[in-house]
Amino acid sequence: MKYTAIVLAAGKGSRMNSEVQKQYMTLGGKPLIAYSLEAFEKSAVDEVIFVTGAGEEEYCRKEIIDRYGYKKVAQIIPGGKERYHSVFEGLKAAAGSDYVLIHDGARPFVTEEIIARTMRTVREKEACIVGMPVKDTIKISDCENKVLDTPQREHVWMVQTPQAFSYGLIYHAYEKILAQPDCGITDDAMAVEKMCNVPVSLIEGSYRNIKITTPEDLVTAEAFLRQQALN
Ligand code: CTP
Ligand code: MG
């Protein structure tokens, strides 16, 4: 069985408001993107497809892949305008895989353990995503910020990546949803939820598996790294 990880790093990082794109920012002495590549390198996945901004391929090869010696990175390919375009480029490049694990390169704290759990589950369930139960109460609002509903907290999860699928399932789900005029999906499971009759299983990620999105996330990330250094 061939497992391929698609690591996404083709975003602009606009919410970070920094000169250096967030995936290349230095975190604990290394580029932020190196952390997830390292976790997949150490995991049991067979191959990694690294999706980067058009024109950034050579920089990534030299400064990240070769520099840190990631042997599992089989292809470095350009992404697209929206995250889902980048994912679809990754899926096309992953042809021949049995399973794919799609991961936000902006989540440096993914672990080998989370990856192993995802690989085990996808083999059994075909579609699984990591996440954690929410800690706050969540409200659903209308367009004027009036509360419409309060879902029962024990049934509300914040979802993370990796999100893993059997290859044919996710490829066809994406193909179908991208053919629609307003695709609007914000994670990969949504493509399966909307287009296929296959349930998506939630499995435990970690409260540390945060996505670096805004400047305060970097403060949290530095704190996690300081604590890891003490252990
Ligand atoms: N991503 C991608 N291609 C895109 C957009 C996003 O590969 N066109 C990737 C990002 O590089 C990131 C992940 O998808 O690893 C999650 O996206 P997000 O956190 O939204 O990152 P950005 O889109 O870069 O940030 P922003 O939305 O603030 O511009
Ligand atoms: Mg984005």
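Just follow the structure's listing: the first ligand is 1, and inside any ligand the first atom is 1.
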(request) Answer yes or no: is there a side-chain heavy-atom contact under 4.5 Å between C60 and F50? (result) yes
Is it true that [X] and [Y] make a salt bridge, defined as a side-chain N closer than 4.0 Å to a carboxylate O?
X: K42; Y: E38; value: yes
X: D217; Y: R107; value: no
X: R117; Y: E113; value: yes

(message) With side-chain hydrogen bond (donor to acceptor under 3.5 Å, both in side chains) as the test, pick out the partner of D104 among K211, R83, Q160.
(response)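 With D104 as partner, K211, R83, Q160 yield a single side-chain hydrogen bond (donor to acceptor under 3.5 Å, both in side chains), made by R83.
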(request) Establish, from distance only, whether the side-chain atoms of E82 and H85 form a donor-acceptor pair under 3.5 Å. (result)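 No pair is found: no donor N or O on one side chain lies under 3.5 Å from an acceptor on the other.
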(request) Below 4.0 Å from any atom of ligand 1, which residues have a heavy atom? Give them in chain and number order, please. (result) L8, A9, A10, G11, K12, G13, S14, R15, K22, G80, K81, E82, R83, S86, D104, G105, A106, K211
